[in-house]
Enquirer: 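I am attaching a structure below and will ask some questions about it afterwards.
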Amino acid sequence: MAATADDVRGALAAVDLAGNRIAIAGTTGGLYRLNGNSWADLSGALTIALGSDERWALAQFANSTMASSPSAGMLISNGADFSAVSGAPAAKLLVVVKGFVMAFNTTDSVYGVSPDRWWCSAYLAATDWTPNVATMCTTGRLVESGGEITAAERLGDDVIVYKRRSTYVGRYTGPAEVWNFTQVDSDVGCVGQEAVCDTGKLHYFIGDDDLYAFDGVQVKPIGRGVLRDWFVGVRDPKHMHKSMAFWDKQNQLAWFFFPSIKGGGELDYALVFHPATGKWGRADTYIRALVRYASPAATYDSGSPLIANYDGGPAISYDSPFWVESQELMAGFDAQNRLATFSGQAADSSFTTGDYGDEDQHTMCHRLVLRLKTAPAEALCTGYIKDDGGRAVKVASLAIRDDGAFDMRQRGRWHRFKVDAKGDYLLIGIRPHLKNAGYR
C-alpha cells in the first residue's frame, strides 16, 4: 500500500460496533484512514503540525475514533473528518475503560499544563468533559510521587498509570470519587507513552534500568540475570522516552523497541521475549509506529493485485497467517512510512556464542555442530580464539556448513563462534567438538 505523506507518529487498528475494521495513522501533519491501498486524509479543516517529539494518542470508543496531542488538542471522528472536542483537555495519553475515555498528562483552560493530572469523560459520552457528579466526569492528580505521567494502559477493568519511577493502579469506584488511584511501586515506572503493552493478563513495559512485567499487584523485572546489564549498557538514556513495546498475540511474543547509544535517537534495537519458555531474542528493526493489522484475504487464484502466479508472488511461506482473512498480524511503519507486516522470510542473520574452553588447558576444536529443526539455506561460521579470558578474541578459522556441521580446526584455551545464515532456520542446540591439546 502507499506510504503516508508525512512521518508517522502513532497508529491504531480497531473494530467498531458493527464489526468494521478501522486503521488510522497519525503523522506530523495530519490524520489518515486506510482506504484500500491508500490513505484518506481525515484532517479536514484542521491545521496540524506536531512538535519534534510529539506523538498521537489514539483510541477507539464505540464508533468514535479519538485522537489527542498537546498541540492539536483532543479530536474525534465518527468515520468522517476529525474535529475538535469542545471543552476537552489536550492529552498525551488516552485510555478507554468501563465506558469512559480517560486522558492523562493534560493541558486545559482551567488547570493549565498538568503533567500529573488525569481526566475521565462523562459515562458513555466521549464528547462531554464538563465535571459533573451526575455524569461522573471528573479530574484529579497523582501527587504521591514526583514527575509527569509517562504511560497509561488498561488491564482488565483497571487502568494502570506509570510515571518514570512509579506505578499506580486506578480502579473504578462509582460516584462521587469515580476513580481511585493507589501507588503500588515507588521505584519502578515506564519510560514513555508507547513503552508498555497489554497481554490481557499483565503488562510488559520498558523501565529506566530493566524490562518489567506487572500483573496488577506486583512489578517484576524480567531481564535481570539474563540481559539487563547489556540493555543498560547499549540503551540511549536521553531518548528512551521514544521506546515502544508491543504484544504479538499471534506468536505470543513481547517486543521491546528502543534507541541505542549509536542510533541517533531512532528506534534501532529490538528485544523479543517469549513468556512461555522465558527465552529472549534480538531482531533489530527500524520502526516508527506499531499496530495490530488485519490483512484482507489473498490467494493465488483470487485475482489479487499482489499476486499473479506462485513464482512471481511475494516471498511469504504458504502456511503464513498472512493468507488468512482477517488474521491479525504484528505490523509497523518503516523508515519510508510504509505499513509492513512482520510475516516475511528472515533476512540475513547471525548469532555469536559465548566462550567454550578452560583456563588450565588448550583444546582443539575440529568441528562445530548445530542441532536444527529447520536448516538455513546457507551458513558460514567464523571461529575465534583467545588464551586469556580478559583479552580480545582473534579470528582463527572459517568454514561453511557441510554434512550437518562446520569443520573448524582451531586451537586455543577459549573458543567462540559466529554463525552467519541466510533464510529461515530453527536452532535448538550448539555443540563444539573439543579435544585436549595439552597444558601450558
Side-chain angles (χ1 to χ4, degrees), residues 223 225-227 229-231 233-234 248 251-253 255 269-285 310-311 314-321 342-440:
V226 182
L227 47 71
D229 291 346
W230 174 87
F231 170 72
V234 301
D248 179 2
N251 297 300
Q252 295 290 289
L253 297 171
W255 289 70
Y269 274 23
L271 290 169
V272 194
F273 179 57
H274 186 229
T277 60
K279 292 181 179 179
W280 288 89
R282 180 173 161 192
D284 299 340
T285 302
Y310 187 87
D311 293 333
I316 301 172
S317 61
Y318 74 92
D319 57 350
S320 167
F342 284 58
S343 58
Q345 292 182 337
D348 294 353
S349 60
S350 72
F351 67 86
T352 304
T353 71
D355 294 333
Y356 296 89
D358 189 279
E359 295 95 340
D360 296 326
Q361 68 178 24
H362 282 70
T363 52
M364 178 73 181
C365 178
H366 64 91
R367 193 171 174 84
L368 177 71
V369 178
L370 303 184
R371 187 172 293 115
L372 297 159
K373 281 191 174 181
T374 304
E378 298 177 31
L380 170 70
C381 181
T382 306
Y384 302 88
I385 59 169
K386 60 181 178 179
D387 289 338
D388 187 336
R391 294 181 180 274
V393 293
K394 59 182 179 181
V395 176
S397 60
L398 289 169
I400 60 172
R401 186 168 182 266
D402 182 47
D403 192 25
F406 301 96
D407 295 321
M408 302 307 300
R409 295 181 174 83
Q410 60 186 53
R411 182 181 182 276
R413 280 199 179 97
W414 299 103
H415 303 264
R416 185 182 303 178
F417 308 96
K418 179 185 178 185
V419 176
D420 291 278
K422 293 182 180 294
D424 292 342
Y425 65 96
L426 181 56
L427 174 70
I428 58 175
I430 305 168
R431 185 164 65 95
H433 289 210
L434 302 179
K435 291 185 177 181
N436 189 352
Y439 295 87
R440 187 172 69 182

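Basis for what follows: all heavy atoms, side chains included, without hydrogens, waters or symmetry-related copies.
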Enquirer: Between the side chain of H415 and the main-chain N/O of T363, is any donor-acceptor distance below 3.5 Å?
Expert: yes
Enquirer: Listing request: all salt bridge (charged side-chain N to carboxylate O under 4.0 Å, His left out) pairs with a residue in residues 390-402, at least two apart in sequence or in separate chains.
Expert: D388-R391
Enquirer: Rounded to the nearest 0.5 Å, what separates atom CD1 in I385 from atom CH2 in W414?
Expert: 13.5 Å
Enquirer: In chain order, what residues pass the ring pair (Phe, Tyr, Trp, His ring centres under 6.0 Å) check against F342, with sequence neighbours excluded?
Expert: W255
Enquirer: Is the side chain of R416 donor-acceptor paired with the backbone N or O of D355 at a distance under 3.5 Å, no angle test?
Expert: no
Enquirer: Do you know which two heavy atoms are closest between F417 and P432, and how far apart they sit?
Expert: CE1-CB, 3.9 Å
Enquirer: Please evaluate residues Q410 and Y384 with respect to the criterion side chain to side chain contact (heavy atoms under 4.5 Å, CB included), reporting the C-alpha separation (whole Å), side-chain torsions for both, the decisive distance (0.1 Å), and the verdict.
Expert: CA-CA 8 Å; Q410 60 186 53; Y384 302 88; 5.8 Å; no
Enquirer: For I428, I'd like to know if atom CD1 has over 12 heavy atoms of other residues, nucleotides or ligands within 6.0 Å.
Expert: yes
Enquirer: Would you please name every residue forming a ring pair (Phe, Tyr, Trp, His ring centres under 6.0 Å) with H274, sequence neighbours left out?
Expert: none
Enquirer: Between T382 and V395, does the side chain to side chain contact (heavy atoms under 4.5 Å, CB included) criterion hold? Intermediate values first, please.
Expert: CA-CA 7 Å; T382 306; V395 176; 4.1 Å; yes
Enquirer: Would a distance-only check, ignoring hydrogens and angles, find a side-chain to backbone donor-acceptor pair under 3.5 Å from D284 to A270?
Expert: yes
Enquirer: Output yes when a side-chain donor or acceptor of R411 lies under 3.5 Å from a complementary backbone atom of A437, and no otherwise.
Expert: yes
Enquirer: Out of curiosity, L227 CG to D229 CG, how far, rounded to the nearest 0.5 Å?
Expert: 9.0 Å
Enquirer: Walk me through whether Y425 and L370 qualify under side chain to side chain contact (heavy atoms under 4.5 Å, CB included).
Expert: CA-CA 11 Å; Y425 65 96; L370 303 184; over 6 Å; no
Enquirer: Within the supplied structure, the quantity of interest is the number of heavy atoms (other residues, nucleotides, ligands) at a distance under 6.0 Å from K418 NZ; does it exceed 12?
Expert: no
Enquirer: Nearest 0.5 Å, what's the CZ-CE distance between R367 and M408?
Expert: 11.5 Å
Enquirer: Report yes or no: does D420 contribute a side-chain atom to a donor-acceptor pair with the main-chain N or O of S350 at less than 3.5 Å?
Expert: no
Enquirer: State, to 0.1 Å, how close D360 and D358 come at their nearest heavy-atom pair, and which atoms those are.
Expert: N-OD1, 2.6 Å
Enquirer: How many angstroms lie between atom CZ of F273 and atom CG of L253, to the nearest 0.5 angstrom?
Expert: 10.0 Å
Enquirer: Inspect the surroundings of CZ in R371 and state if more than 12 heavy atoms from other residues, nucleotides or ligands are less than 6.0 Å away.
Expert: no
Enquirer: Please name the pair of heavy atoms, one in V369 and one in G404, separated by the smallest distance, quoted to 0.1 Å.
Expert: CG1-O, 4.1 Å
Enquirer: Give me the ring orientation class for H366 and H433: parallel if the planes are under 30° apart, tilted from 30 to 60°, perpendicular past 60°.
Expert: perpendicular
Enquirer: Just verifying a value: how many Å separate F231 CZ and W280 CH2, rounded to the nearest 0.5 Å?
Expert: 9.0 Å
Enquirer: What pair of heavy atoms forms the shortest contact from A399 to D407, and how long is it?
Expert: CB-O, 3.2 Å
Enquirer: In Å, rounded to the nearest 0.5 Å, how long is the span from CG of L434 to OH of Y356?
Expert: 9.0 Å
Enquirer: List the atom of V419, the atom of C381, and the distance in Å for their closest heavy-atom pair.
Expert: CG2-SG, 4.2 Å
Enquirer: Verify, without hydrogens or angle tests, whether D387 (side chain) and R413 (backbone) share a donor-acceptor contact under 3.5 angstrom.
Expert: yes
Enquirer: For N436 versus H362, what's the shortest heavy-atom pair and its separation?
Expert: OD1-O, 3.6 Å
